[in-house]
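For reference, the structure is listed below as structure tokens.
Protein chains get the first letters and strands the later ones, always in sequence-line order, with residue 1 at the start of each. The figures here come from the full heavy-atom set of this structure, side chains too, leaving out hydrogens, waters and symmetry mates.
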Amino acid sequence: MAASSPPAGTTPTPIRVMVVDDHPMWRDAVERDLVAAGLEVVATAATGAEAVARFPAARPQVVVLDLQIPAPNGVEVTRSVLSHDPSARVLILSASGEQEDVLEAVKAGATGYLVKSASSKDLIEAVRRVANGDSVFTPGLAGLVLGEFRRMDQAGAEPETPPGERLTERETEILKMVAKGLSYRQIAERLVLSHRTVQNHVQNTLRKLQLHNRVQLTRYAIAQGLDDGEEDEELGNQ
Amino acid sequence: MFRALAWLRIALLANAVGLNVYRDNFDHPAAGWVSVGVMVVWTGVALVRYRRPEHRTQALLIADLGVAAAMMAVTPLIKGSWFSATIPGFWVAGALFAWGIRYGWRGGLFAGVVLAGIDLIAREHIEQKDYSLVFLMVLGGATVGYLCGSLQEMAAERDRAQRRAAAEAERTRLGRAVHDGVLQVLALVQRRGAELGGTGAELSRLAAEQEEALRALIRVQSAVDTEWPTNAATADPPTETDLASALGALAARRHAEVALPGSPVLLPTEAVGELLGAVGACLDNVARHVGEDAPAWILLEDLGDRVVVSVRDEGPGIPEERLAAAEADGRWGVSESIRGRLRDLGGQARLETGPHGTEWELELRRDPAATDDREARR
């Protein structure tokens with residue numbers, strides 16, 4: 001994994017995790033690994049509907065979520081659980097080859113992404129870091145996010161993307177390095193920054209992408225209400 | 001089409017009856033009014049018979065044309081040989097257009113020639129205005145026939161395209177479900193295999209290879225989907241290729257980690273080929289100087305006016321002496337071949353190397369015209 005760092009301080013109470021996956025073999029494998037590492041699996045779900053229904057009672061800190069699940073899909077589950085409890089974290093654990101789904105889930109508020117072929121050690125560390133408020137990037141995800149900001153800049157968007165939703169030069173630089181496979185530690189060394197600062201910059205990029213997405217959705221809703229939708233393109237594939 | 005013709009027939013009939021009532025210049029009025037009555041009756045029959053497609057038989061069309069021709073042919077007998085307008089007048093256009101609609105330009109032309117021939121035979125003297133009428137009839141039949149033929153072809157083509165697109169969408173949907181299942185299993189094999197060690201580790205490696213290959217395939221497929229409307233609209237052979245899916249496939253073959261934007265990055269096909277060659281050479285360098293299984297990362301960025309591909313490794317870097325030595329020997333070193341490829345494309349290759357590793361940055365400017373074109377298509 002690109003950004004490897006030890007969990008910043010071990011939590012005294014075990015992290016509460018919910019596992020959502022429609023493949024029983026995967027659900028069991030992930031649950032076993034997490035329990036073995038001393039985490040608490042408070043709920044599992046096989047479908048989006050189950051996940052949304054069980055989330056309020058289970059109150060997990062982290063939802064480990066497969067994107068390709070029976071309806072509602074992973075993107076909608078992400079949106080729904082985070083609107084219910086904004087302090088929860090969503091870690092996407094996906095086998096899906098569909099890049100767009102991953103990007104949509106991140107826009108909806110997921111803060112971590114891991115492919116299923118990652119080792120169980122990587123998975124456990126990712127859960128810990130996401131619970132800790134960090135974001136877990138793979139180079140692949142960084143490339144996607146970078147591409148998305150570039151597309152926003154170029155598309156000649158009307159109105160132009162406001163500065164608050166654009167990346168700073170520093171953020172672009174760091175995101176590029178993550179996409180090129182450098183760990184946060186390596187980036188911190190090269191740019192002579194603290195590990196925490198690098199982490200904050202990376203998190204900011206996700207925050208901006210989510211903000212931009214929310215603004216776009218609102219704008220779209222208003223446009224739909226006012227002139228019966230001439231801005232279909234603005235929404236992308238929501 | 002025939003529905004529009006029905007309205008036209010009613011208008012033509014009203015016109016023909018009206019003119020005959022106004023002129024009332026028959027030599028044999030009884031026969032004259034009978035023939036007007038025949039036109040009214042036949043128009044009624046035609047309206048009913050032409051309504052259903054299965055009733056539009058060849059016999060009906062021949063009868064239609066026959067009645068029209070007969071009406072013209074009897075004109076000299078009823079009006080006298082010095083008539084100026086035939087009894088049916090423009091009414092014959094109903095039969096003429098029916099032929100054009102049913103049998104295309106050939107049918108329209110045939111009916112036009114038949115009617116024109118009878119018109120000319122029936123007259124004793126052919127004046128300028130008669131000629132223009134006849135000429136219009138022949139031309140009109142053929143033209144209407146041609147237009148109808150084209151319209152029917154277009155409609156059929158559109159139906160075929162819609163059916164193809166629907167079938168394609170269904171295939172994609174089914175494929176997606178299967179792919180996801182296969183990816184899940186491959187990922188599980190990798191994970192369990194690595195935990196088992198030994199033969200398991202070998203299985204894990206094989207599963208990883210197949211997973212990467214499948215991911216690359218999915219990427220290529222979704223790129224094809226996105227390109228489809230452009231290609232269909234221009235009907236050109238694809239002169240542009242998606243660099244993103246091509247790099248994804250290359251990275252899967254060479255076990256490099258790749259970061260790509262979410263949407264296709266279209267470049268001229270030759271440029272994509274050359275860039276892939278250059279990236280391949282970079283990866284060869286990694287394999288030779290850092291190690292066969294050394295990790296490498298590829299990043300593709302689409303900056304609108306230019307495209308940048310970065311290839312990075314964490315090897316010991318390329319010593320200055322090696323570059324210099326290759327140059328001194330006049331050898332076409334790998335580094336020079338990478339630079340050369342980019343130069344030929346009008347781009348540039350930058351090399352940054354040091355103890356932390358080596359990084360190539362391959363930059364290619366887009367043709368401004370092509371960029372404008374792309375913007376316009378967005």
Side-chain angles (χ1 to χ4, degrees), chain A residues 1-2 21-23 25-26 28-30 33 66-69 93-104 115-123 137-151 153-156 172 175-183 186 189-190 233 236, chain B residues 176-177 179-195 204 207-208 211-212 214-219 221-222 244 248 251 256-263 265 295-305 308 310-314 354 356-357 359 361 371 374-375 378:
Chain A
M1 218 180 59
D21 199 314
D22 59 329
H23 292 67
M25 54 178 189
W26 260 108
D28 297 346
V30 170
D33 287 347
D66 185 9
L67 284 180
Q68 303 279 326
I69 48 171
L93 182 64
S94 175
S96 153
E98 315 255 332
Q99 312 241 354
E100 280 170 26
D101 293 346
V102 177
L103 198 58
E104 288 310 314
V115 287
K116 278 194 170 171
S117 43
S119 71
S120 45
K121 192 173 126 279
D122 286 343
L123 170 67
F137 264 69
T138 58
L141 176 57
L144 279 178
V145 172
L146 200 56
E148 193 62 10
F149 277 105
R150 296 265 156 82
R151 203 179 53 78
D153 282 350
Q154 287 165 30
T172 308
L175 204 52
K176 261 177 80 169
M177 291 173 127
V178 176
K180 285 190 264 190
L182 279 90
S183 69
Q186 286 171 312
E189 272 170 28
R190 277 219 205 163
E233 284 177 14
Chain B
R176 210 168 272 162
H179 288 156
D180 186 59
V182 175
L183 284 172
Q184 302 267 8
V185 173
L186 287 175
L188 193 68
V189 171
Q190 274 179 72
R191 208 149 179 267
R192 282 294 173 74
E195 284 165 16
S204 165
E211 185 200 343
E212 277 163 6
L214 183 53
R215 275 181 200 285
L217 173 72
I218 293 171
R219 241 194 164 276
Q221 279 178 342
S222 53
E257 186 147 1
V258 66
L260 306 164
S263 35
V265 178
W297 290 269
I298 302 172
L299 167 64
L300 168 61
E301 296 169 275
D302 184 351
L303 298 161
D305 58 338
V308 181
S310 312
V311 185
R312 191 181 80 88
D313 69 57
E314 292 188 339
H356 54 267
E359 184 173 332
E361 213 172 68
T371 312
R374 203 178 332 274
E375 291 298 326
R378 263 200 186 135

Taking all non-hydrogen atoms of both residues into account, name the closest pair between B:A259 and A:A179 and its distance.
CB-O, 3.6 Å

For B:L188 and A:A29, the nearest pair of non-hydrogen atoms, with its separation, is CD1-CB, 4.3 Å

First locate atom CD of B:E195, then atom CG of A:D33, and finally report the distance between them rounded to the nearest 0.5 Å.
6.0 Å

Taking it one step at a time, do B:E314 and A:Q186 satisfy side-chain contact (heavy atoms from CB on, under 4.5 Å)?
CA-CA 11 Å; B:E314 292 188 339; A:Q186 286 171 312; 2.7 Å; yes

Walk me through whether A:H23 and B:V185 qualify under side-chain contact (heavy atoms from CB on, under 4.5 Å).
CA-CA 10 Å; A:H23 292 67; B:V185 173; over 6 Å; no

Given that the side chain runs from C-beta out, which part of B:S263 has a heavy atom under 4.5 Å from chain A: side chain, backbone, both or neither?
side chain

Is A:L146 close to chain B through its backbone or its side chain, or both, or neither, when contacts mean heavy atoms under 4.5 Å?
side chain

Ionic contact status for A:K176 with B:E301, cut-off 4.0 Å
yes

NZ of A:K116 to CD of B:E211: how many Å apart, nearest 0.5 Å?
10.5 Å

Specify which of A:S119, A:A142, A:S120 makes the most heavy-atom pairs with chain B at under 4.5 Å.
A:S120

Side chain to side chain, A:L182 and B:R312, heavy atoms closer than 4.5 Å:
yes

Begin from the C-alpha positions of A:R190 and B:H356 and carry the test side-chain contact (heavy atoms from CB on, under 4.5 Å) through to its verdict.
CA-CA 10 Å; A:R190 277 219 205 163; B:H356 54 267; 3.1 Å; yes

